[in-house]
Undergrad: 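One structure, as structure tokens, below. Some questions next.
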Amino acid sequence: MTRAATSAITTAARNCSGPRAGPTPRSASPTSTSRPTTCMPAPRVRPERGGRSPTAASPTAGSTRRGSDSAAQTATPTIGPSARSETGSGRMAWIRVVEALKAPVDSEVTVKGWVRTRRDSKAEGGLSFINVHDGTCFDPIQVVATGALPNYQSEVTRLSTHCAVECDGTIVKNPKGGNEIKATAVRVIGWVDDPDHYPIQPKPHSFEYLREVAHLRPRTNTFGAVARVRHCLSMAVHRFFHERGFYWVHTPIITGSDCEGAGQMFRVSTLDLCNIPRSVESGQPRIAGSESRPTKDSEIDFTKDFFGKEAHLTVSGQLNVETYCCAMSNVYTFGPTFRAENSNTARHLAEFWMIEPEMAFCDLMRDSQIAEDFIKYCVRAALTELPDDMRFFDERIEKGLLARLAHVLEKPFLRLPYTEAVKIIQEAQAKGRKFEFQVKWGSDLQTEHERFLTEEHFKQPVILMNYPKQIKAFYMRLNDPGTDGAPGDTVAAMDVLVPKIGEIIGGSQREERLDKLDQRIEEMKLPAREYWWYRDLRRYGTVPHAGFGLGFERLMLFVTGMANIRDVIPFPRAPGQAEF
RNA sequence: UCCUCCAUAGCUCAAUGGUAGAGCGAUCGGCUGUUAACCGAUAGGUUCCAGGUUCGAGCCCUGGUGGAGGAGCCA
């Protein structure tokens, strides 16, 4: 795995309030106990110079307001569309770093952000180059501070990674061409307590390590870029559907049915775990001491629970969104989803965001076309809206990312029946390609098979269609016998396979015929009673409809080239992992 | 849940069962319109936890805990 050591570097001002969140609360007790906690206002760890004690408790201690004074005389109109009416402590226009990098020369500006790096020179009576970032773009802006600043020795030369600063100055051209700010004032808003122990250093950190300091990692260039792409893709998702007349439906996060059928669920309950109510239906008397453990003879009485029945966190909004589909035509969900699977991989989370469009009067072919358009739309959005971030991912995270994505956009995705895919894999095997698992018609394809198809054999995204019914969900539409020359019954299911990820989308045309649906529910021994409202959709004005599901974080992996799903969501939840 | 590997300085990692090391980062100094800066010096350790073997354990054994990679489940 290319865990391209990242890039890190960021800045942080630590507040004095509240308990220290601690970088690695559960690890290294020696470290955490020996470390000075929080930012104690008083004795600073660093030796003091020059008598001034810039403590975190007095953020602006010793900072100068001179810049403000001079700015007052040359009050400059605000610059850029997003410049707000607020100004810095001075009267210069506070603009974002992204705007400062494009602002015209001689503009008087203020930027606010965190120090990424600082380099000093003794030339010209003291010269410091401070890279400041505020999250608005990949590149920081370089602020040039000179010894003429009154707080130069006392503060500027002590800035360390992730100190928070406000800088006033003039936009000038860097000798190498880019914009930089010739500072007239540098105000320190928040110091970094004990830079030697500050968890993020101006050096590469492993992603594993940064997960332990998830509260500080967004200040690094990698996680800043991830956050921007995540936002960009989220907006693209909504834009894609909105532009096509889809309605966003907020399906419930708490579900009262255990019939969504997509894996282990988290229970939602307000019952007292120390005193769980038992039903006495079995006629057995309750036995003291046995009441808090379920037995065959005493079942938990969920009528006493909050919802009067068992409740769980949703594992899919699909069944619910189908109801709106059969009324609004084109709808989608985009929200959090929860799976209590004990799965520990770079592609799974216990809490993730899922996108599930559902289209009425739609068959599998159109479904797959929308899936393809959707993927391409999202890829294009990232490439055009965040070229700097994407270039970074290409250079430092996955070499060749941009070429891979360009290739994805290039031509139509390939469509292939499952039955054909099995033949291709079997032929490859006959020619000596080794697989850990055998493939035969009727068995589900393993990750290795899917990746073989999309990465080796076709070298492009592939949509597999019409899977054997026994490996797919009950709600998928039964195909006519003999579809694709399959030796058994198939359903109108599709999986979109892409290089690097494997399956990124799973979808299907839904079974709209009540008798066929009932037959499947019965075959799979599902509790028919639980599906009463789902069955109603087939009783009252049923229509062919189709949809698909896509894990948003997997789309993130696909677009950014990041290797681990825990690094593309701000605070990953996984088995044994709910810190922050 | 299964298989494999790992846990030593702020970070990344060394160290035949025999004095705890390097690089980066931090601090201080030198040089420099610097930008992965460079040069020198200094500080920094209960070697994840609990037991055990041994004259002696970072190293060997047992049991925990945590992490990583792969698999399964899936999105």
Side-chain angles (χ1 to χ4, degrees), chain A residues 1 3 5-9 23-35 45-47 49 116-124 127-131 139-142 144-146 157-158 160-161 172 174-176 178 180 182 192 194-213 221 261-264 315-316 318 337-349 352-356 396 436-437 444 446-448 473 495-496 501-507 548-558 563-566 574-577 579:
Chain A
M1 294 278 88
R3 101 161 114 97
T6 75
S7 55
I9 308 190
T24 54
R26 76 184 156 286
S27 72
S29 43
T31 345
S32 42
T33 51
S34 66
R35 260 190 221 183
V45 176
R46 274 186 290 173
R49 263 191 314 180
R116 192 157 268 177
T117 58
R118 191 199 86 231
R119 291 170 300 279
D120 299 323
S121 169
K122 286 291 191 301
E124 303 175 32
L127 202 52
S128 287
F129 304 95
I130 309 161
N131 280 353
D139 290 316
I141 190 158
Q142 177 160 282
V144 183
T146 69
T157 60
R158 292 202 215 162
S160 62
T161 297
V172 297
N174 187 289
K176 290 189 178 172
E180 65 180 24
K182 185 170 172 47
V192 165
D194 190 8
D196 188 25
H197 289 83
Y198 178 63
I200 295 179
Q201 311 277 349
K203 55 161 286 185
H205 287 296
S206 68
F207 290 140
E208 291 81 3
Y209 168 70
L210 289 171
R211 269 171 228 151
E212 296 176 7
V213 287
N221 53 14
Q264 288 294 108
V315 293
S316 163
Q318 183 199 313
T337 307
F338 308 87
R339 305 227 173 137
E341 306 288 349
N342 191 4
S343 54
N344 210 311
T345 80
R347 295 192 308 281
H348 289 85
L349 289 167
F352 62 100
W353 287 62
M354 191 150 69
I355 299 150
E356 295 170 295
R396 303 295 276 274
E436 192 183 341
F437 295 93
D444 209 355
Q446 304 291 320
T447 301
E448 59 170 346
D495 282 355
V496 180
I501 308 293
E503 180 189 338
I504 194 169
I505 283 181
F548 58 86
L550 167 132
F552 183 65
E553 285 73 21
R554 290 200 180 167
L555 179 65
M556 283 290 297
L557 294 179
F558 180 66
N564 194 308
I565 202 163
R566 298 176 188 195
Q577 206 59 66
E579 191 64 57

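Atom set for the values below is all heavy atoms of this structure, side chains included, hydrogens, waters and symmetry mates excluded. Throughout, protein chains are lettered first and strands after them, A, B, ... in sequence-line order, and every chain is numbered starting at 1.
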Undergrad: B:G72 phosphate, OP1 or OP2: any side-chain N/O from A:Thr447 under 4.0 angstrom?
TA: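 Answer is yes, contact under 4.0 Å.
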
Undergrad: With C1' as the reference atom in both, quote the distance from B:A41 to B:A14 in angstrom, rounded to an integer.
TA: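 It comes out at 23 Å once rounded to the nearest Å.
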
Undergrad: Say we look at B:G72 and B:U35: how far apart would their C1' atoms be, to the nearest angstrom?
TA: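 Between the two C1' atoms, the distance is 48 Å.
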
Undergrad: Expressed as a whole number of Å, how far does the P atom of B:C13 sit from that of B:A7?
TA: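 Per the computed distance, 9 Å lies between those P atoms.
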
Undergrad: Between B:G72 and A:Asn344, is there an OP1 or OP2 to side-chain N/O distance shorter than 4.0 Å?
TA: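 Indeed not, no polar side-chain atom of A:Asn344 lies that close.
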
Undergrad: Distance check, P atoms only: B:C59 and B:U53, in whole angstrom units.
TA: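 Pairwise P distance, B:C59 against B:U53, rounds to 15 Å.
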
Undergrad: Check the side chains of A:Gln142 and A:Arg116 for a donor-acceptor pair under 3.5 angstrom, ignoring hydrogens and angles.
TA: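 A:Arg116 vs A:Gln142: no donor-acceptor pair found between side chains.
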
Undergrad: What distance, rounded to whole Å, do you find between the two C1' atoms, one in B:G56 and one in B:U16?
TA: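 The answer is 15 Å between these two C1' atoms.
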
Undergrad: Taking atom P of B:U65 as reference, at what distance in whole Å does atom CD of A:Gln577 sit?
TA: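 One finds 15 Å between P of B:U65 and CD of A:Gln577, rounded.
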
Undergrad: OP1 or OP2 of B:C73 versus the side-chain N and O atoms of A:Gln264: is any pair under 4.0 Å?
TA: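 The answer is no; no side-chain N or O of A:Gln264 sits under 4.0 Å from OP1 or OP2.
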
Undergrad: Would you measure the distance from the P atom in B:C49 across to the matching atom in B:A71 and give it in whole Å?
TA: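 Looking at atom P only, B:C49 and B:A71 are 33 Å apart.
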
Undergrad: Tell whether A:His205 reaches the base of B:C11 with its side chain through a donor-acceptor pair below 3.5 angstrom.
TA: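 No, no donor-acceptor pair under 3.5 Å.
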
Undergrad: Could you spell out the base pairing of RNA chain B as a dot-bracket line? Use Watson-Crick and G-U wobble contacts where both distances are under 3.5 Å, [ ] for crossing pairs, | for partners on a different strand.
TA: (((((((..((((....[..)))).(((((.......))))).....(((((..]....))))))))))))....

Undergrad: Between the side chains of A:Arg119 and A:Thr117, does any donor sit under 3.5 Å from an acceptor?
TA: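 Result is yes, a qualifying pair exists.
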
Undergrad: Could you run down the sub-3.5 Å N/O contacts of the protein with nucleotides 31-37 of chain B?
TA:
residue, atom, partner, partner atom, Å
B:U32, N3, A:Asp120, O, 2.8
B:U32, O4, A:Asp120, O, 3.0
B:U32, O4, A:Ser121, N, 3.2
B:U32, O4, A:Lys122, N, 2.7
B:G33, N1, A:Glu180, OE2, 2.5
B:G33, N2, A:Gln142, NE2, 3.1
B:G33, N2, A:Asn174, ND2, 3.4
B:G33, N2, A:Glu180, OE1, 2.3
B:G33, N2, A:Glu180, OE2, 2.8
B:U34, O2', A:Arg119, NE, 3.2
B:U34, O2, A:Arg119, NE, 2.9
B:U34, O2, A:Arg119, NH2, 3.1
B:U34, O2, A:Gln142, OE1, 3.4
B:U34, N3, A:Gln142, OE1, 3.1
B:U34, N3, A:Gln142, NE2, 2.8
B:U34, O4, A:Gln142, NE2, 2.8
B:U34, O4, A:Asn174, ND2, 2.9
B:U35, O4', A:Arg119, NE, 3.0
B:U35, O4, A:Lys176, NZ, 3.3

